[in-house]
Amino acid sequence: TDYLTHLSEIVKEIDCSDVEPIPLTPELLRKIGFRNFIREQWIFSIGKSHLEWDFADDSLKLRVPGTSFPFIPYLHQLQNFLYAIAQYELEVEP
């Protein structure tokens, strides 16, 4: 038996100059599950694993000695990073 699936989708095109990234802030970090105990040091847990971060100059940096992970200033970059290293989907309520 053959099955036919039909998908209808409406795509609204927008000008890329109308799109602005969402900057990371201490308030946003708390909202998405980060915990802050000491000044710039933040912790994010995925299951039983804990990632330690520094948040300074409006950017996150993973606290891993001897590596050169980039600074992450925007929410979408953090989402992409967490998915790349842990296949973790960081969902954010509007």
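Because only heavy atoms are used, hydrogens play no part in the values below, and waters and symmetry mates are left out as well, while side chains stay in.
- A salt bridge links R63 to D54: one of the charged nitrogens lies within less than 4.0 Å of a carboxylate oxygen.
- Judged purely by atom type and a 3.5 angstrom limit, K61 has no side-chain atom pairing as donor or acceptor with the backbone of A56.
- The side-chain heavy atoms of S45 and R35, taken from C-beta on, include a pair separated by under 4.5 Å.
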Below 3.5 Å, can you tabulate the donor-acceptor pairs from side chains in residues 73-92 to any protein atom, sequence neighbours excluded?
from, atom 1, to, atom 2, distance (Å)
Q77, OE1, Y74, N, 3.3
Q79, NE2, L90, O, 2.9
N80, ND2, H76, O, 3.4

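- Taking the side chain as every heavy atom from C-beta outward, L60 and F71 never approach each other to under 4.5 Å.
- Hydrophobic clustering, with ILVMFWY side chains joined whenever heavy atoms are under 4.5 angstrom apart, groups I43 together with I38.
- Counting heavy atoms from C-beta on, the side chains of N36 and L29 never come closer than 4.5 Å.
- Summarising the geometry of L28 relative to L24, their closest heavy-atom pair is CD2-CD2, 4.0 Å, with the distance given to 0.1 Å.
- The backbone N or O of P23 sits nowhere less than 3.5 Å from a side-chain atom of D58 that would complete a donor-acceptor pair.
- To the nearest 0.5 Å, atoms CZ (F34) and CD (Q41) are separated by 13.5 Å.
- W53 approaches L51 most closely through the heavy-atom pair CD1-O, 3.3 Å.
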